[in-house]
Amino acid sequence: MRRYSVDFKGFDRPGRQGGGDIRSVKVMIAGGFGTGKTTMVRSVSDIRPLTTEETLTQASAGVDDLIGVADKSQTTVSLDFGKIGLNDSLMLYLFGTPGQERFWFLWNGLFKGALGAVVLVDTRRLASSFRAIEEMERQQVPFVIALNVFPDSKDFPAEEIRDALDIPAHIPVVSFDARDRASSRDVLVALIRHLKERSAVAVEPR
């Protein structure tokens, strides 16, 4: 099992010192095309995020799968970047990945140094995030599944989605609204908790 050195004491208590200097952690925001990655980075970032969105044109017809996101007018072509301090001693640097298959070649470089990831899932289009989940497993990056609630999304139980995506029981599956800062922050807290739990298991004597 991969071993981690994670100590984020008091990370989920805003304004509370965790002790020591500021700890910086790289977190990936991944998922399929149109699952809300850019929206999440924008809503939760403490700074004005860097985005690389371009307008979808007729040239993308037949290339990008717009089923379920026909009203989408822009898309990320490189990465999104933002940051959020969970408390006075823990800073998360957020890197949003491009969702279209033609930009997946960028993922290898983006994932270098990442401690964990959030994989966004649109329950209307589960298959759109299969590739992102496979990439987490391939690169051995710990992750949580975040079900982005769209206005016309059906209310599926989290365990039903877990089964459909074949997600192991130890990986958290949470619902959230990518447009809402508090909701997006809760997803990041869930990821850090997951990392702490994995760290504790990794150092247990065998």
Side-chain angles (χ1 to χ4, degrees), residues 4 6 8-14 25-46 49 68-69 76 80 82-87 90-97 99 111 114-137 139-202:
Y4 298 87
V6 179
F8 307 126
K9 292 181 180 178
F11 72 90
D12 54 353
R13 301 174 188 172
V25 175
K26 181 178 181 180
V27 170
M28 305 305 302
I29 309 298
F33 179 56
T35 53
K37 300 178 295 296
T38 299
T39 300
M40 179 181 179
V41 173
R42 281 178 172 164
S43 72
V44 80
S45 179
D46 290 336
V69 288
T76 298
D80 298 317
K83 67 177 183 177
I84 176 175
L86 290 189
N87 65 10
L90 178 60
M91 180 68 67
L92 303 187
Y93 288 90
L94 311 175
F95 290 77
T97 65
F111 274 84
L115 194 64
V118 175
V119 177
L120 271 62
V121 171
D122 179 351
T123 57
R124 304 168 303 175
R125 303 178 300 118
L126 291 181
S128 67
S129 290
F130 286 167
R131 174 64 171 79
I133 294 171
E134 291 173 354
E135 190 66 13
M136 301 305 119
E137 295 171 343
Q139 302 216 29
Q140 296 184 304
V141 175
F143 65 96
V144 299
I145 296 292
L147 309 177
N148 191 9
V149 179
F150 289 86
D152 58 343
S153 297
K154 292 184 178 179
D155 186 17
F156 294 103
E159 290 310 307
E160 187 173 327
I161 299 297
R162 181 190 298 278
D163 290 342
L165 295 173
D166 194 23
I167 301 298
H170 69 277
I171 296 177
V173 177
V174 297
S175 296
F176 86 118
D177 184 341
R179 300 167 298 179
D180 183 77
R181 175 178 169 83
S183 185
S184 295
R185 183 185 181 280
D186 287 345
V187 173
L188 296 173
V189 169
L191 172 63
I192 299 302
R193 285 200 179 108
H194 181 51
L195 293 175
K196 289 189 70 172
E197 290 168 0
R198 285 177 59 92
S199 176
V201 170

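All of these numbers come straight from a predicted model, not from anything done at the bench.
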Output the distance between atom [atom1] ([X]) and atom [atom2] ([Y]), rounded to the nearest 0.5 Å.
{"X": "Ile167", "Y": "Ile161", "atom1": "CD1", "atom2": "CD1", "value": "10.5 Å"}
{"X": "Glu135", "Y": "Thr97", "atom1": "CD", "atom2": "OG1", "value": "9.5 Å"}
{"X": "Arg42", "Y": "Leu94", "atom1": "CZ", "atom2": "CG", "value": "14.0 Å"}
{"X": "Arg179", "Y": "Phe150", "atom1": "CZ", "atom2": "CZ", "value": "8.5 Å"}
{"X": "Glu134", "Y": "Gln139", "atom1": "CD", "atom2": "CD", "value": "12.5 Å"}

A side-chain contact here means heavy atoms from C-beta on lying under 4.5 Å apart; do [X] and [Y] qualify?
{"X": "Leu126", "Y": "Leu165", "answer": "yes"}
{"X": "Leu92", "Y": "Val25", "answer": "yes"}
{"X": "Ser45", "Y": "Ile84", "answer": "no"}
{"X": "Val173", "Y": "Leu147", "answer": "yes"}
{"X": "Val118", "Y": "Phe143", "answer": "no"}
{"X": "Lys26", "Y": "Phe111", "answer": "no"}

Of all the heavy-atom pairs spanning [X] and [Y], show the shortest one and how long it is.
{"X": "Ala30", "Y": "Lys37", "answer": "C-CD, 3.4 Å"}
{"X": "Ser153", "Y": "Asp122", "answer": "OG-OD1, 4.4 Å"}
{"X": "Ala114", "Y": "Met28", "answer": "CB-CG, 3.6 Å"}
{"X": "Thr35", "Y": "Ser129", "answer": "CG2-OG, 3.8 Å"}
{"X": "Leu195", "Y": "Pro142", "answer": "CD2-CB, 3.6 Å"}
{"X": "Lys154", "Y": "Thr123", "answer": "O-OG1, 3.9 Å"}

Checklist outcome for this item: With sequence neighbours left out, the residues meeting side-chain contact (heavy atoms from CB on, under 4.5 Å) with Val41 are Ile29, Pro49, Asp80

Checklist entry - Would a distance-only check, ignoring hydrogens and angles, find a side-chain to backbone donor-acceptor pair under 3.5 Å from Arg125 to Gly32? => result no

Item to check | Any donor-acceptor pair under 3.5 Å from Ser183 side chain to Asp177 backbone | outcome: yes

Next on the checklist: Arg193 vs Glu197, test: salt bridge (Lys or Arg N to Asp or Glu O under 4.0 Å). Steps then yes/no.
Outcome noted: CA-CA 6 Å; Arg193 285 200 179 108; Glu197 290 168 0; over 6 Å; no

Next on the checklist: With side chain to side chain contact (heavy atoms under 4.5 Å, CB included) as the criterion, how do Val27 and Leu115 come out once you've worked through the C-alpha distance, each side chain's angles and the decisive distance to 0.1 Å?
Outcome noted: CA-CA 6 Å; Val27 170; Leu115 194 64; 5.9 Å; no

Checklist entry - Tell me the salt bridge (Lys or Arg N to Asp or Glu O under 4.0 Å) pairs involving residues 141-151, sequence neighbours left out? => result none

Checklist entry - Is any NZ, NE, NH1 or NH2 atom of the basic residue among Arg181 and Asp46 found under 4.0 Å from an Asp or Glu carboxylate oxygen of the other? => result yes

Checklist outcome for this item: In short, side-chain hydrogen bond (donor to acceptor under 3.5 Å, both in side chains) pairs touching residues 161-176 with sequence neighbours left out are Glu159-Arg162

Item to check | Met40 and Leu188: CA distance, side-chain angles, deciding distance, side chain to side chain contact (heavy atoms under 4.5 Å, CB included) verdict | outcome: CA-CA 11 Å; Met40 179 181 179; Leu188 296 173; 4.0 Å; yes

Next on the checklist: Given Ile145, which partner from the list Val174, Val187, Ile133 fulfils the side-chain contact (heavy atoms from CB on, under 4.5 Å) test?
Outcome noted: Ile133

Next on the checklist: For a side chain to side chain contact (heavy atoms under 4.5 Å, CB included) check, start with the C-alpha distance between Phe176 and Asn148, then their side-chain angles and the critical distance, and finish with the verdict.
Outcome noted: CA-CA 5 Å; Phe176 86 118; Asn148 191 9; 3.9 Å; yes

